[in-house]
Participant: 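Next up is a structure, given as structure tokens.
Below, all heavy atoms of this structure are taken into account, side chains as well, without hydrogens, waters or symmetry copies.
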Amino acid sequence: MIDVHNHAVPERAIELVGRDARFEARVEDGMWRGGVHVAFPLARSFVDPEAKLAELSERRLGRAVVSV
């Protein structure tokens, strides 16, 4: 099975958002807030490739189309 709606948020992107107010977003207490998206918890699997693979395995998925 393939998950065709999966996400990642690179740590460099989190750092950039934290430094540049033009993004109108921030990460606080493990939550992404602002920007063009509703607030959501920043799961470890969004930033850690090993955690992403473990999550896919737990969900019995062989592959995923990952979007940033």
Participant: Between Val17 and Trp32, what is the shortest heavy-atom contact and its length?
Facilitator: CG2-CH2, 3.6 Å
Participant: Walk me through whether Ile14 and Val9 qualify under side chain to side chain contact (heavy atoms under 4.5 Å, CB included).
Facilitator: CA-CA 7 Å; Ile14 295 168; Val9 182; 3.6 Å; yes
Participant: Between Glu15 and Arg26, does a salt bridge (charged side-chain N to carboxylate O under 4.0 Å, His left out) hold up when you go through it step by step?
Facilitator: CA-CA 9 Å; Glu15 292 167 9; Arg26 64 196 181 287; over 6 Å; no
Participant: Is it true that atom CG of Asp20 has more than 12 heavy atoms of other residues, nucleotides or ligands lying nearer than 6.0 Å?
Facilitator: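 More than 12 heavy atoms, drawn from other residues, nucleotides or ligands, come within 6.0 Å of this atom.
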Participant: What distance separates His5 NE2 from Ser67 OG, expressed to the nearest 0.5 Å?
Facilitator: 7.5 Å
Participant: Hydrophobic cluster membership, with links at side-chain heavy-atom distances under 4.5 Å among I/L/V/M/F/W/Y: are Leu56 and Phe46 in one?
Facilitator: no
Participant: Between Val27 and Phe23, is there shared hydrophobic-cluster membership here, with clusters defined by ILVMFWY side-chain heavy atoms closer than 4.5 Å?
Facilitator: yes
Participant: May I ask you to decide whether Asp3 forms a salt bridge with Arg59, counting only side-chain N to carboxylate O separations under 4.0 Å?
Facilitator: yes
Participant: Using every non-hydrogen atom in the two residues, find where Ala25 and Gly35 come nearest and quote the distance to one decimal.
Facilitator: CB-N, 3.7 Å
Participant: Got a second to check how far Asp29's CG is from Leu42's CG, nearest 0.5 Å?
Facilitator: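 So the CG of Asp29 and the CG of Leu42 are separated by 12.0 Å.
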Participant: Report the residue from Val68, Leu16, Val47 that forms a side chain to side chain contact (heavy atoms under 4.5 Å, CB included) with Pro10.
Facilitator: Val68
Participant: Is the shortest side-chain N to carboxylate O distance from Lys52 to Glu58 below 4.0 Å?
Facilitator: no
Participant: Is it the case that over 12 heavy atoms from other parts of the model lie below 6.0 angstrom from the CD atom of Glu28?
Facilitator: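 It does: Glu28 CD has more than 12 such atoms within range.
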